[in-house]
Amino acid sequence: MTNMDMESIRQFILNDEEIRNYFLSLAGKENSGQSARRTGEFPDRNPVQQASHENELENYVRRAEQENAALRRELRAAQEHEAALEKECGRLREAASQAEAQRNAAAERLAVFEPIRSAMKIYRSLDEKSKAATRNIFRSASPDGFISCGAQKDSLANLWDYGRTLAAYGSEDCLKIDRLFGYFVSLYNLNFEQPVYTLIEPQTGDRFDEDVHVCLTRGKRIASVSGVLLRGYRVNGKTVNKALVK
C-alpha cells in the first residue's frame, strides 16, 4: 500500500457505489466486533485477516485501474474513429456539392435546347397524315434541318394554312400546329432588331371581336371566346390572319 496514491484510492472508493457499500458493510461488521469485544463475546480481529482484507482491496483497486485504462484506450480509439468518419463526411459533402454544381451547369446548358427538343417532340407526335401533309415544309428530320426549314417566311404561311385546315375539320392536331407556329415565329423574329411577326393571342373569356377573331363554330354566333384553336398573326403590324376561336 505504500506505493499507492492513498488519496486516489479514497476518491475511487467514494465514487464507486459497490465498493462504498462493501466498506460500509465492513465498517458495520467492525462496529459489531467492537461491541462484542466490549461485552467479551468476540476476540480481537486476527492481524492476518486484516492484512488479507488490505490485499483484497489493493487487488480490487488495481483491477479497477486496469479496466479504467482499457476503457480509456477504447474511448480514445472511438474518438479517433469518429474524427476519421467526420473527415470522410466532409469530403463526401464537398464531393456532393461539386456534383450538384455540375448537374446545375449541365441543366442550364440543356435548357438552351429545351425549346428545340419540345418542338421536335410535338412534330413527332403528329399523326401520319399530318406528317405527310407537312413534308413540303419540314424536308429534313434532323434538328438542324427541322429548324432551318421551319423558320422561313413561306414555311410560316404554309404551316398556319395547314393549321386552319385541321381546325376546320375539328382535328386536335391544329393545337399542335399552333404551338409549332408560335415557336418558329419566335425563331424568325431573331433575324430582326424589331419583331416582324406578332401573334394575336385571345384568351378564354375575351369578348368576340370580328376584327381579330374568326369563329369556327358553324351556324352559331358567339359573344365571347370559349377556346382558341389557332392563334392569328400580324406582319409589321398588319393583320394577315385572324385567330381561330370557338
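- Placement of Leu190 and Val196 within a single hydrophobic cluster is found when ILVMFWY residues are connected by side-chain heavy-atom separations under 4.5 Å, directly or transitively.
- For Cys149 against Ser140, the heavy-atom pair with the smallest separation is SG-N, 4.3 Å.
- No more than 12 heavy atoms of other residues, nucleotides or ligands sit less than 6.0 Å from atom NZ of Lys246.
- Here the SG-CG distance, from Cys174 to Leu230, works out to 7.0 Å after rounding to the nearest 0.5 Å.
- By the rule that hydrophobic residues join a cluster once side-chain heavy atoms approach within less than 4.5 Å of another member, Leu175 and Val214 end up as members of separate clusters.
- Asn59 places a side-chain N or O within donor-acceptor distance of the main-chain N or O of Asn55, the cut-off being under 3.5 Å.
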Show me, pair by pair, the donor-acceptor contacts under 3.5 angstrom made by side chains of residues 119-126, not counting sequence neighbours?
| from | atom 1 | to | atom 2 | distance (Å) |
| --- | --- | --- | --- | --- |
| Ser125 | OG | Ile122 | O | 2.6 |
| Ser125 | OG | Lys176 | NZ | 3.3 |

* To do: Give the C-alpha distance, both sets of side-chain angles, the deciding distance and a yes or no for ring pair (Phe, Tyr, Trp, His ring centres under 6.0 Å) between Tyr183 and Phe146.
  => CA-CA 12 Å; Tyr183 172 67; Phe146 179 74; 7.2 Å; no

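- Looking only at distances, a side-chain donor or acceptor of Asn158 sits under 3.5 Å from a matching main-chain atom of Asp154.
- Counting non-hydrogen atoms of other residues, nucleotides and ligands closer than 6.0 Å to OH of Tyr169 gives a total of 12 or fewer.
- Here CZ of Arg73 is found 10.0 Å from CG of Asn68. Values are rounded to the nearest 0.5 Å.
- Distance CG/Leu166 to CZ/Arg164: 11.5 Å, rounded to 0.5 Å.
- For the pair Gln152 (side chain) and Ser148 (backbone), a donor-acceptor distance under 3.5 Å is present.
- Nearest heavy-atom pair across Leu244 and Ala167 is CD1-CB, 4.1 Å.
- Residues Arg62 and Glu58 are paired through a salt bridge, judged by an N-O separation under 4.0 Å between the basic side chain and the carboxylate.
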* Show your reasoning for whether side-chain hydrogen bond (donor to acceptor under 3.5 Å, both in side chains) applies to Tyr162 and Ser130. => CA-CA 9 Å; Tyr162 182 64; Ser130 293; 3.1 Å; yes

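- Between Asp178 and Leu229 the shortest side-chain heavy-atom distance does not fall below 4.5 Å.
- At distances below 3.5 Å, at least one donor-acceptor pair connects side-chain atoms of His213 with backbone N or O atoms of Asp209.
- Distance check: Glu86 CD to His81 NE2 gives 12.0 Å after rounding to the nearest 0.5 Å.
- At most 12 heavy atoms of other shown residues, nucleotides or ligands fall within 6.0 angstrom of atom CD in Glu210.
- For Leu199 against Gly182, the heavy-atom pair with the smallest separation is CD1-CA, 4.2 Å.
- Residue-environment remark: CZ (Arg179) stays at or below the threshold of 12 foreign heavy atoms within 6.0 Å.
- Put simply, OG on Ser142 and CG on Asp144 are 5.5 Å apart, with the number rounded to the nearest 0.5 Å.
- Of the possible polar contacts, none joining the Asn104 side chain to the Ala101 backbone as a donor-acceptor pair under 3.5 Å is found.
- Cluster partners of Ile222, using a side-chain heavy-atom cutoff of under 4.5 Å among ILVMFWY residues and allowing indirect links, are Phe208, Val225, Val228, Val245.
- The two residues Leu156 and Gly150 have their closest heavy-atom pair at CD2-O, 3.9 Å.
- A continuous path of ILVMFWY side-chain contacts below 4.5 Å connects Val235 to Phe192, so both sit in one hydrophobic cluster.
- Annotation for Leu216 and Ala168: closest pair CD1-N, 4.2 Å, computed over non-hydrogen atoms.
- Following chains of ILVMFWY side-chain contacts shorter than 4.5 Å, one cannot reach Ile200 starting from Val240, and the two form parts of different hydrophobic clusters.
- The closest side-chain donor-acceptor pair between Thr239 and Arg234 falls under 3.5 angstrom.
- Distance CZ/Arg93 to CD/Gln98: 13.5 Å, rounded to 0.5 Å.
- A salt bridge is absent between Arg91 and Glu94; no separation between the charged side-chain nitrogens and carboxylate oxygens falls under 4.0 Å.
- A ring-ring contact (aromatic ring centres under 6.0 Å, His included) with Phe184 is found for one member of Tyr233, Phe138, Trp160 and no other, namely Phe138.
- Listed by first then second residue, pairs satisfying side chain to side chain donor-acceptor pair (under 3.5 Å) with a partner in residues 184-202 read Glu201-Arg231, not counting sequence neighbours.
- Around the CD atom of Glu82, the shell of radius 6.0 Å holds no more than 12 heavy atoms that belong to other residues, nucleotides or ligands.
- With a 6.0 Å radius and a threshold of 12 heavy atoms from other residues, nucleotides or ligands, Glu88 has its CD atom above the threshold.
- At least one donor-acceptor pair under 3.5 Å links the side chain of Thr165 to the backbone N or O of Asp161.
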